[in-house]
Structure formats: structure tokens, C-alpha cells
Amino acid sequence: MSDEQSALYGVVLAGGTGTRLWPLSRAGHPKFLHPLTGTEASLLQATVDRLDTLTTPDRVFVVTGVAHAAAVSRQLTSMPDENVLVEPSPRDSCAAIALAAAVIARRDPEAIMGSFASDHLIADKPEFANVIRRAMVGAKEGLLMTLGITPTRPETGYGYLQCGGELHEGPVLQVEEFKEKPSYDVAESYVKSGNYLWNAGMFVWRVDVFLAELARQQPQLTAGVSRIASAWGTTEQEEVLGEVWPTLPRISVDYAVMEGAAAVGRVATVPGDFGWNDVGDFHTLGEVLTADPAGNVVVGHETGVERPTVLLRDTENLVVVPGSGRLVAAMGVRDLVIVDTADAVLICPRERAQEVKSLVDQLKARGQLGYI
């Protein structure tokens, strides 16, 4: 492994519940712990596995909640248990990333860190690694690097990066502005212009550069994370973490740091085309996994549950998730999502898969928290 490769510290954010993948994804067993990759590997395991040519297991950290820490450790047996950074409560991505950066900085003050979501699918692992290596070049020079995804359609569900001139060959492009999720017409104009990339929420930077920018824009968060990091690994860790963590602002890293940094010319991006997908809902899952000749997708088995039989006759473009051990049979239907779990069954048109979150909201409003 080259010096450049071995310099990377990988940080994986394993939070959220993936409510658009309900009832498969639950608060107690969220989507990143499920094998939704077309193999037996969970999304989390696949995320860590794709870093194996860039770093070593002792340089990979996972930030997760109290409820999932044990499951994360069980799934990532090659990673040291102390590299699972447990946040007492969700404070959004900025606090999680800042904690990891501060802990890494104690070990290696000028380390290059990559931050990745735990629930994305990437088809072309070698190209992904190449893009990370190009981003590391910009990071070494003090830029806050993002991985921009080359758009394939006018997508309204993603944020966009407005790109400026080329800073280096590779190419490394200046990021002029972060754009929120647009309307369809605006998204179409972005894609046609060729100056916009999807914001996939993946970042590469030197930890000292990121922490300095965090201090410039978010002094309260910086002070709190510094207190926590100074106690990390000592007998006072849990006490300080429990005292300080609830006081940290709940804000995403995009809002807290990246938008302001872009405004003063400190953010750049490397365009990537490596088969990225954020697996946001069951329709999307059906698009990225292998289908039968009629377009039906049966999502792989659950760990510890013998794969049940799925019986389909005269069906087209179904996404079937058999998670209960029962036989799931369908006949004469098309373009549906069918999810079978031990205590809940979901059936909806694929075109409305994004709306599944509203069912979870309704369950919350009715106080039926046992189902979520």
C-alpha cells in the first residue's frame, strides 16, 4: 500500500432509520444493517469493504447510536471495537463527523479523513477508490473535498453542487455553491448545463483543516467536541460525553460548514461516475438489484432467517422483500412493492414508494411506536 493510500482514515456514519424502507427498516434494526446489496453483505459491511484498498481496518471508524453499537461491532469483526464511536443521541451529521475528526486528530493531527454514509450502494469499487485518491490530492493542499456524482437524470430528491473552474487535473473543480433539492424544471436545467453534480454527502479533508473551518463557523459545537475529544479514552469519557453531547447543535455538516466554506472558496469536488445509489426506497432498490426476465426483484435473505419461497405467476416489475419466513405468493399484478415482515406487511405501487415515510409518520401520530 502506498503512503497516499495508507494516509486515509475512513469514517462511516451509521445513523438514521431509513423510514422509506419501512417495515423492513426499523429503529432497532435500520437499513444499514440489512443485506440489501444483492449479496449476503449488509449495506454497512459493503461500505467498509469498499475502503479496503484505501486504508486498513484500524483506520476505519464508525459513528453510530447506542442502540446499534453492538450490532455494528458484530458485523465488522475486523475493526477494533474502540473504533466504534457511540453517540448518546442523534445530533445530525456535523456533530458525528466532528467527533470522529477530533478523535482522529489526537492520533494524527494532519490525517486525511474520508466521511461516508453507511447505506449507499456503489457498483464500481475500483473507480470509487480512484476518485477518493484524486480527492486526497486536493485535501492535502487544504481543500475541503466533496465527491460529486455525475447526474444521469433530472433528480429532484438530491442536492446539487454548482461547479466552477478546474483547480487541478483529475479534474478537481471549485464548488461555488451548494444547491437544495430543486424542482424538476430546475433539476433539468442543472443537468443540461453540465455545471452541476449531485451532492452525495461524501467528503475528504485533512482533519486539522476541517476542525479549523468548524471553529470559524460553529464555535459552540467546536468547543463541545473539543471537550469530549480531550476525555476520549480516559475514565472520564462517558461522563463528559453524557454531559456535553446533548448541548451540541443538531445540524447537518452541509449547513454547518460546507455551504459557508464554499462561499469563501475552500470547497472543491472530484466528479465521480461509479454507479452510486443511495437506496432511498423500495422502488430504487428494485432498480439496482438483479431482476428476473419479467423485471421482478426478490430482495436477498435476512441473516439468520432461512430464505422463504417466493411464488410469482404472471407478474411484472415487482419488488418483493420476504422477511418473515412465510411463503409470499403473487399473481397477475405488476409494478408493486410487497414487503412481508413478522409483524407488518406493506403493499404499495412502486411509483409511490417514496411516500412510505408518511405511513411511519401516521404510526407515530397514533402512538403505535412498536411498529417503527
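Positions are given from 1 along the sequence.
- Residues Asp108 and Arg206 are not paired through a salt bridge, judged by the lack of any N-O separation under 4.0 Å between the basic side chain and the carboxylate.
- Counting all heavy atoms, side chain and backbone alike, Gly332 lies closest to Thr315 at N-CG2, 4.0 Å.
- Checked for salt-bridge contact, Glu110 and Lys140 miss the test: no charged N lies under 4.0 Å from a carboxylate O.
- Side-chain atoms of Thr55 come within 3.5 Å of backbone N or O of Leu8 as a donor-acceptor pair.
- Side-chain contact, Arg106 with Ser230: no donor N or O sits under 3.5 Å from an acceptor N or O.
- For Asp119 and Lys31, the salt-bridge test passes: some basic side-chain N is under 4.0 Å from an acidic carboxylate O.
- Between Lys357 and Trp22 there is no side-chain heavy-atom pair separated by less than 4.5 Å.
- There is no path of hydrophobic side-chain contacts, each under 4.5 Å, that joins Leu173 to Phe128.
- In the hydrophobic cluster analysis, where Ile, Leu, Val, Met, Phe, Trp and Tyr join through side-chain heavy atoms closer than 4.5 angstrom, Val172 is grouped apart from Val264.
- Between Asp281 and Arg352 there is no salt bridge, since none of the side-chain N atoms of the basic residue sits less than 4.0 Å from a carboxylate O of the acidic one.
- Salt bridge status for Glu127 with Arg134: present, with a side-chain N to carboxylate O gap under 4.0 Å.
- There is no path of hydrophobic side-chain contacts, each under 4.5 Å, that joins Tyr184 to Tyr196.
- In this structure, Ser226 contributes its side chain and Thr222 its backbone to a donor-acceptor pair below 3.5 Å.
- Two different hydrophobic clusters hold Met331 and Val337 under the rule that ILVMFWY side chains link at heavy-atom gaps under 4.5 Å.
- The two residues Val72 and Val62 make their nearest non-hydrogen contact at CG1-CG1, 3.8 Å.
- Within the 4.5 Å cutoff, the side chain of Leu121 has no heavy atoms near those of the Trp276 side chain.
- Side chains of Val345 and Val339 form no contact here, defined as non-hydrogen atoms less than 4.5 Å apart.
- The main-chain N or O of Ser89 is found under 3.5 Å from a side-chain atom of Trp245 such that the two form a donor-acceptor pair.
- Taking the six-membered ring for Trp, Tyr190 and Trp198 have ring centres at least 6.0 Å apart.
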